[in-house]
Peer 1: 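Can you read through this structure? Questions will come right after.
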Amino acid sequence: MTMMNENPADLLPELLLLGAAVLGLLAGLFLPRRRQWAVAVLCAVGPIAGLVAAALPVGDADLTTFDAFAIDPITHAVRLTVLGATLLVLALAAGPMRGNARETEAYVLILLASLGTIAMAAASDLLVFVAAYLLASIPAYALAGFAKDARGTEASMKYFLMGALLGIVMLAGVTLLYGVGGGTSYETLREGLGEAPGGVVAVGVVALFAGVSFKAGAVPAHHWVPDVTEGAPPVVAAFVTTVPKVGALAAAFRIAQEVLAGTAVDWRLLVAVVAAGTMTLGNLAAFAQTNVRRLLAYSTISQAGYLLVPVAVAGRTDLAEPALLFYLAAYAVTNVGAFAVVVAWGGDELSDHAGLVRRSPALALSLAVCLLGLIGTPPTAVFVGKVLAFAAAIDGAYTWLAVVAAVNTVASVFYYLRWIAPVFGRAPAERRPIAGETLVIACTAAVLSVVLGIGSGVAFTLG
Amino acid sequence: MTVLSTAIFLPSLVALVLAVLPRATDRLVARTWIAACAVDLALLLTLWAGYDRGLDHETNLTWIPSVGAGYHVGVDGLSLPLLALTGVLFLACAVSSLRRTRRLRAFAALFLALQTVCLGLFAALDLLLFFVFFDLSIVGMYFVIAGWGHGDNVRSALKFFLYTFLGSLALLLGFIALYLGAEPHTFDMVELTRTPPLADSPGPAALALLAIGIGLAIKTPVVPVHTWLPPAHTDAPAAGSAVLAGILLKMGAYGLVRIAMPMLPEAWRRYAWLIIGIGLVSVLYGALVALAQENVKRLIAYTSVSHMGYIVLALGAAGAVAGDAAAHRLAVTGAVTQMVSHGLITGALFLLSGVLYDRGHDYAMGRYGGLAGRAPVFAGLMTVAAFASLGLPGLSGFIAEFQIFTGAIGGGTTWAAVAGAVAVLGVLITAGLFLRLLHRTLLGAPGPLTGRMTDTRAHEVLAVAPLLLLSLVIGVAPRFLLDLIEPASAAVVSLVAR
């Protein structure tokens, strides 16, 4: 049984993140342009301290604070994943953003969006969930148009319109569920929805998942992903395709497990079909891409499909929760790593990467590890995540979904190899300067992805 | 760190050192590579010398405890011969690649990493660990073909990757089915062998066997999922082909003996007729298609399909219901012997075809002719390798195939006997195609490329001759090998008969 209390110290990681964002914003107002790097450092302290604060309560008894915020293994894992990924993105952003007129704003927006992401996953009340959704979304819209160029503006516009529309649909769903369930807290809903009319619950659930699938970049709300990934600055693309997805999928899992498990609505089939559609569509669309950022965009769509597999069997097998949480962490590290290579090398077309191994073996190797990681090749972390997800699907009597995921994985090999092959080819790459720190980030992410895979046993004992 | 784990990871360690070594000359790289392979082989031979019976040199560490997967390795009579084969063949590849290899440092590092992967697979006693090595072998070989191959190599490498990766994922689904079928859930092969999962649910067991069978069949490969093999072989560098045919193909057959047979005994028995049929078709079809080849490497590639077919046939025959256990043991022993024998002989054949390509940059056998006069040593080695491959008595192929045929024919069931008898035709076709190969390349009037041929160099002889010598030793005095394999195959047969 989860305990309830109103102790603000339980929210320490979130408070640290908020504090860093506020202090960063204030400091940015006073510091001269050439000293703005100090804001980056100040903002990085937030996630670093947050990581420590998030690691401390791991293993403690589950509890709920303020009746609306669950602190349990899902929250612990999401906190660690989001804070770690945010830290990587901040480090990645420090180079390209240096000297920008709105340098401070970039860091602060990133911190606020990741705060919203954590709150989404931890919310145990639909109203808190909606507020968190907005907090995770609005800074991201601003970030997408950060460069103020035509493509960025268009991307930002599309992102915002879609997010606003699906957000309203989601609010309608929340209203319906509140109406028939007699409350907004997950615990109340779990009991209330059992006796509610099935049709209304079904409509409410579908509407609720519309908002979730927008944040996760899942079909049919995926249209913003390629445009934002290509139009926004690469660092922003790395952030919006990674971090919000973590919160959205964890939240979907929590809602499925804690609210829907008892209802008569066949939401499992819905999620399974969305998962199958998302991974298939993402993969098929990725085939023809010659722009690496669009390719990565469709790759993240397909990954959202795999990540939905454990959600479909939530509550039906013990494997679902570790599968989702581990896969999320693995995906976050690997995806940021792949984007870090794009940031470091600066080439957007596949042909720009030909012969990369001659110019920077370390970068080429990092790219190979991250892309093979996204395929799910052992011993990288995504492999372990995929094994668990497949096992969860089969154990949860969704064998067909595991087969679809496996076939999709094979199909995905094709486009990832289209990128890897020329990197190790003979064509000499043009010379480009590679910033040392982005190279380090790319290598760190690649190493982390392998270490997390080999050391997955340790990760599970912590979770 | 035990001797076995050291032997597994030593090559990778050396690969890392090579990768970060500043200013490594090709000479230094080659020496380090050969030395590492030699030391590794010595370690593997120590394991063999110290081996008594049962499962030996076990290490069992927890890896992912929440799903019951661990770093569990060990050796027994099935894995030791293949471990030793891996050591020998990788050493031969190192020696043969001494000269004229582009980017030798990366090549050596890749091969050393691949060696770790192959050794790890044959030593693995955990399904997930097995799978990790299985998948990594695909990645490693992809880079070998894409990076150092010739012709349409990038395309062939992609086809190889996609095809075998599909197989590996089918395999993974099968492994997960075994994992979920076991009580308590575990990936540990020893546990799964002791109490076969899915024993009282024939439907899921059949599906699991289907998934595992597809995965291993693609890797083995058998007809009709062999189509990735000829292009991969043709466009790979000689050493890559040698390892691909000599070691990587064995992973499929080894998996059948190690995983499919003991863990799904009932399903294996029930579908033995199907497995025998697939084996028989592979034997005949592979040999017939090989007969029609003009390209030396494609020819050898198709004979591999045929030779691996014998193994599948034998393993299927060992599952024939109500058969004679002694004959079944003979069939399994023959199958494992065939794995070793085929590894040695095909390795030699591919390295020799690499010599041919090195001189003439072509594999078309019609463009060579009368090589016996120009390159007598090469001709001699080629002849021995060809005769070994067609199963001439006195060489290892004969020992293996003789046991397979006897085991299949004497197995006690009519259809297995018929299949075994028909499969003997495969030997005849193989003899024909190899004689045709020898005839067209070594004898007769010189072809347009004969002038470019020079005889084998010292390092080439040094790479190929030991492989053929080992084949001869096994052919003449096979006891040392059979004594090792026989108890293990007896164990497998009794496990299947449960």
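In what follows, chains are A, B, ... by sequence order, proteins preceding strands, each numbered from 1.
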Peer 1: Among residues 166-174 of chain B, which ones touch chain A with a heavy-atom distance under 4.5 Å?
Peer 2: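 Answer by number: B:Leu166, B:Leu169, B:Leu172, B:Leu173.
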
Peer 1: Would you say the rings of A:Phe383 and B:Phe131 are close, in the sense that their centroids are separated by under 6.0 Å?
Peer 2: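 When the ring centroids of B:Phe131 and A:Phe383 are compared, they turn out to be within the sub-6.0 Å range.
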
Peer 1: What residue among A:Ile394, A:Leu319, A:Leu388 forms side-chain contact (heavy atoms from CB on, under 4.5 Å) with B:Ile176?
Peer 2: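 So the option named by the test is A:Ile394.
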
Peer 1: With a 4.5 angstrom heavy-atom cut-off, could you sort out which part of B:Val139 is near chain A: side chain, backbone, both or neither?
Peer 2: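 Only the side chain of B:Val139 comes within 4.5 Å of chain A.
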
Peer 1: Kindly check if the number of other-residue, nucleotide or ligand heavy atoms within 6.0 Å of CG (B:Asn60) is above 12?
Peer 2: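 More than 12 heavy atoms, drawn from other residues, nucleotides or ligands, come within 6.0 Å of this atom.
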
Peer 1: So for B:Leu180, is it side chain, backbone, both, or neither that comes closer than 4.5 Å to the heavy atoms of chain A?
Peer 2: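 Only the side chain of B:Leu180 comes within 4.5 Å of chain A.
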
Peer 1: Among B:Tyr179, B:Phe175, B:Tyr142, B:Tyr163, which residue forms the greatest number of heavy-atom pairs with chain A at distances under 4.5 Å?
Peer 2: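 Ranked by contacts with chain A, first place is B:Tyr142.
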
Peer 1: Tell me the closest heavy-atom pair linking A:Pro378 and B:Leu136, and the distance in Å.
Peer 2: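 Smallest interatomic distance, heavy atoms only, reads O-CD2, 2.9 Å.
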
Peer 1: Can you name the residues of residues 363-377 of chain A that have some heavy atom under 4.5 Å away from a heavy atom in chain B?
Peer 2: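 Checking residues 363-377 of chain A against chain B gives A:Leu372, A:Ile375, A:Gly376, A:Thr377.
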
Peer 1: Return the option, out of B:Leu158, B:Thr62, B:Leu207, with the maximum number of heavy-atom pairs under 4.5 Å with chain A.
Peer 2: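 So the answer, after comparing B:Leu158, B:Thr62, B:Leu207, is B:Leu158.
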
Peer 1: If you round to the nearest 0.5 Å, how far is CZ of B:Arg103 from CZ of A:Phe424?
Peer 2: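 Spacing of CZ (A:Phe424) from CZ (B:Arg103) equals 10.0 Å.
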
